[in-house]
Number of protein chains: 2
Amino acid sequence: MPVAAPTLADVAESAGVSRQTVSNAVNNPDLLRPDTLLRVQEAIAELGYVPNRAARNLRTRASHLVGLRLSPVLEGNATAVGDRFVHSLVWTSREAGYHVLLFSGEGHAAIDGYEDLLRSTAVDAFVVTDTYLGNPQATWLRERRAPFVAFGRPWDDPDARHPWVDVDGAAGTEMATRHLLDKGHTRVAWIGWRKDSFIGEDRRSGWSRALHERGLSTTGMASRVEDTVSSGREASAVLLDEARPSAFVCASDTLAMGVLHTLAERGLQPGRDIAVAGFDDSQVAQVVHPGLTSVRQPLEEVAVAVVRSLEDLLATPSYVGEGLLLTPSLTVRPSTG
Amino acid sequence: MPVAAPTLADVAESAGVSRQTVSNAVNNPDLLRPDTLLRVQEAIAELGYVPNRAARNLRTRASHLVGLRLSPVLEGNATAVGDRFVHSLVWTSREAGYHVLLFSGEGHAAIDGYEDLLRSTAVDAFVVTDTYLGNPQATWLRERRAPFVAFGRPWDDPDARHPWVDVDGAAGTEMATRHLLDKGHTRVAWIGWRKDSFIGEDRRSGWSRALHERGLSTTGMASRVEDTVSSGREASAVLLDEARPSAFVCASDTLAMGVLHTLAERGLQPGRDIAVAGFDDSQVAQVVHPGLTSVRQPLEEVAVAVVRSLEDLLATPSYVGEGLLLTPSLTVRPSTG
DNA sequence: ATGAAAGCGCTAACAT
DNA sequence: ATGTTAGCGCTTTCAT
C-alpha cells in the first residue's frame, strides 16, 4: 500500500534538474534562480517529497536530536517539575528544529546510556537535569567533552565551563518569607532538606536572609529533614510545640503538605491559624484545600534558555558555556491568608 | 580532541577480516566461527567501536525510535498519568531496543508532526495516547496505514484493526464502589464527567453496576460536570444537600479533591463523616490529608503490552491489531475509613 | 546558477 | 564461514 517514498532523484527527474539542485532548493533556496526554485518546489509538493533523515544524518553527521535522561520516578516535587520541564523543552526544541529523545538508566547504566547515544551519533547533545554534587553523569560528560546543557548549577565546581541554566531558589524562598513578614508574621519557621543538599541550603538561605533583614532571629526556627510528607508532618509538629511559629516556609510542596497534615490533626486552619508556603507550585499546591502558596519555577523560560545554549553550543565547536540564573515567582493562595 | 570514531572498516582491518564479518559479529554472531568472533570482539573492544546509527538506519530503513506526542500540559489527572506512563514506556522500550522520541503540536500541527516524522523515516512507529472520539490523529494514522499502538480504546469504532491497550475504568469504579458498600455505605454518590466522554460514561457504569448489583438505586445520586476541582466542589455540595450520600465515587482525583474542599468547608472529616474515592492514584491522592483512596491504573503493564504490540507490529507487516483490556487496582487510604 | 562525481558507514544479496 | 559487490539517500566539493 504505501508506495516507495520519493527521493531526491525522483524530484530531480520530475522537475528536470539535477539532484543537487533539488537539495539546494531544500537547504539553500537562495542559490537557485527564482523560476527554477518554483519548478522544484512544485515537484516537491506534487510528489510529497520529504527528505530522508537517516541519509541526511549520515551525510551531515548530525541527528537534530537532543537526549534527555528520565530519572526514575520520584515522589515529591521532582515529578511535578520534571513533567512541566519536559513539556516546555519539547515545545521549545521543536521551534529550534530539534526533537527530544528520552532514555533511561540509573547509576552505571545511565553512563552507558549517554555513552551509547553519543558514540552511535544518535543524538547531537544532551540536556542534563540532575546536577547534584558529584553527579557522575555531569562529570563524565565534562571529561568526555560531550555537548550538553545543564538545568541546574554545577554546585560542586563553580568554575565549570559548561553552559547551565538554573532557578534562584534563595530568591524564591526570600520572596515567600517576605510575603509572610509583610502579612505581619514575625515567627516564620523553616522546614527544609538535609544539610548535604546544596539546593536545600540555597533555599534555606533565602528564608534566613529575609528574617535577618528585618532583624528577626532564626534560632530554633528551622528543621532539616527528608523530603517526604511524613517528615514534614513530624517536623512541623515539633516546631509548633517548641518554637510557636505562626507561619512555615518549606523547601518543597511535599514538606508543606506534611505541615497541612499536622494542622488538620490539630484542628488548625491553614491561612487563618497558621500560614504555609511551599516550593514548586506543583499540582498538589493547586488543588489542595484551601490552596497552597508556593514558589513557582519559570520552567518555560528555563527551557528557552537551555535550547538557546544548545544552539550556540552546536553552532560553535569552541563555545564556552555560560551560566544563567532565573528568578522564580510566588503564587499566592489562601494558605498564607 | 575527540578523534574520529572508528568505523566498521577500522575494526575489520584491525582484526584482519572483512567489513561484512565485523557486521556479522555485531548483528549475527552465530554465523562466525568462535575464534573469529573472539578476535573481532577484541578489536571492537580495543577500538571502542560503536555502530553509527545513521548509517545503519539508512541501510535497514529503521530507526528504532518510537514517536510519542506530548499533549499540551493539562490540569487534573492527565498530567499525573501521562508522566507515569511516559516513564514506564521509556523504560520498557529500552529493553526492546527502542528509544522514545517526543514531539509536540496541537490540532493541525499535530498531524503535521506525525506526517513529518513518518515520512522522513525518523521513527518506526507511534504510540498514541489520546484516542477520544473522533480524534483526528488516530483516524489519520489509520488511513495512512502508519504503524501505531494506542493507549486507549477506539471508542468510536469497535472494529478498528489497530492494536490497542486500555484499562478497564468500569472495573475500577466498580471496585471502589463495592469497597464502600462493603464498608456499610448504602448511599454512594457519583461525580463524573459530561456525557460526551466515553471514558467518563464507562467509569460511571462501574459505579451503577455495583449499586444495582446490591439492589440499590442510583436515582438522584449522580452528577456530571467538568473535570475541575471547583466543579467537584459544587457538585458535591449540591449532592450532599439533596441526596444525603455518605460516600462519593469520582471519575478523577481532581473531582475527588473538589469533594474534599466541600467537606473541609462544612467541617466534615473525610473517611469519618463522609467517604471519598478518586481515580488515577495521582500524586495528589498520595499526599493530601488524610490520604485519598483511588483507582490505580497499571501503567507499567500498559507500557509492557504497548511495546509488545509494537514489536509484533514492526516484525509482521501484515500484523492485525488486537485489543487488550487491563484491570486497575484500588489503593485504599483513610478517605474511605 | 546548475551539474557530476564522490562518499558518509552500514548491511542485503550473492559469491566463494 | 568469510569475502565481494552494490547501494540505501543525501550533501560536500569541485567543475562547468
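Only a predicted model underlies this, so the values are computations on that prediction, with no experimental measurement involved.
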Do B/L324 and B/R308 touch side chain to side chain, with heavy atoms closer than 4.5 Å?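 B/L324 vs B/R308: side chains apart.
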With heavy-atom distances below 4.5 Å as the criterion, would you say the side chains of B/V100 and B/L102 are in contact?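 The answer is yes, as the side chains (C-beta and beyond) meet within the 4.5 Å cut-off.
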B/Y114 and B/F126 aromatic ring geometry - parallel, tilted or perpendicular at 30°/60° bounds: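 Correct class here is perpendicular.
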Checking only heavy atoms, does the side chain of A/R56 share a donor-acceptor pair with the base of D/dT11 at less than 3.5 Å?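 By the distance-only test, no, there is no pair.
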What is the separation between atom [atom1] on [X] and atom [atom2] on [N], rounded to the nearest whole Å?
X     : N      : atom1 : atom2 : answer
A/Q20 : D/dC10 : CD    : P     : 12 Å
A/R39 : C/dA1  : CZ    : P     : 15 Å
B/L31 : C/dA13 : CG    : P     : 14 Å
B/R53 : D/dC8  : CZ    : P     : 23 Å
A/L8  : C/dA4  : CG    : P     : 14 Å

Would A/R84 and B/D83 pass as an ion pair if we require N to O under 4.0 Å?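 Not counted as a salt bridge, because no side-chain N and carboxylate O are separated by less than 4.0 Å.
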Taking A/T316 for its side chain and A/D312 for its backbone only, find out whether a donor-acceptor pair lies under 3.5 Å.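 It does hold such a pair.
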Give a yes or no on whether the backbone of B/D30 and the side-chain of B/N28 come within a donor-acceptor separation of less than 3.5 Å.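 Checking the backbone N and O of B/D30 against the side chain of B/N28, no donor-acceptor pair under 3.5 Å is found.
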Compare the minimum distances between each of C/dA1, D/dT2, C/dG9 and the side chain of B/L32, then state the nucleotide with the smallest one.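 The closest nucleotide is D/dT2.
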Shortest side-chain distance from B/T7, nucleotide among D/dC10, C/dA4, C/dG9: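 So the side chain of B/T7 is nearest to C/dG9.
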Select base, sugar-phosphate, or nothing to describe what A/N24 touches, counting heavy atoms under 4.0 Å on all strands.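 Result for A/N24 = nothing.
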How would you label the contact of A/R19 with the nucleic acid (heavy atoms, under 4.0 Å): base, sugar-phosphate, or nothing?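 Base contact.
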Angle of first-five versus last-five pair axes in the helix from C/dA1-D/dT16 to C/dT16-D/dA1, to 10 degrees: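 Both end axes considered, the difference amounts to 30°.
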On the nucleotide [N], are OP1 or OP2 found under 4.0 Å from the side-chain N or O atoms that [X] carries?
X     : N      : answer
B/S18 : D/dG3  : yes
A/S23 : D/dT11 : yes
B/N57 : C/dC10 : no
A/R61 : C/dC8  : no
A/N52 : D/dC8  : no
A/R59 : C/dG9  : no
A/T60 : C/dC8  : no
A/T21 : C/dT2  : no

Earlier contact from the 5' end, DNA chain D, for B/L58 and B/V17: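 Its nucleotide being nearer the 5' end, the pick is B/V17.
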For residues B/G105 and B/R69, report the shortest heavy-atom separation together with the two atoms involved.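 B/G105 and B/R69 have their closest heavy atoms at O-NE, 2.6 Å.
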Give me the one residue out of B/N52, B/V22, B/I44 that meets side chain to side chain contact (heavy atoms under 4.5 Å, CB included) with B/L8.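 Testing B/L8 for a side chain to side chain contact (heavy atoms under 4.5 Å, CB included) against B/N52, B/V22, B/I44 leaves exactly one candidate, B/V22.
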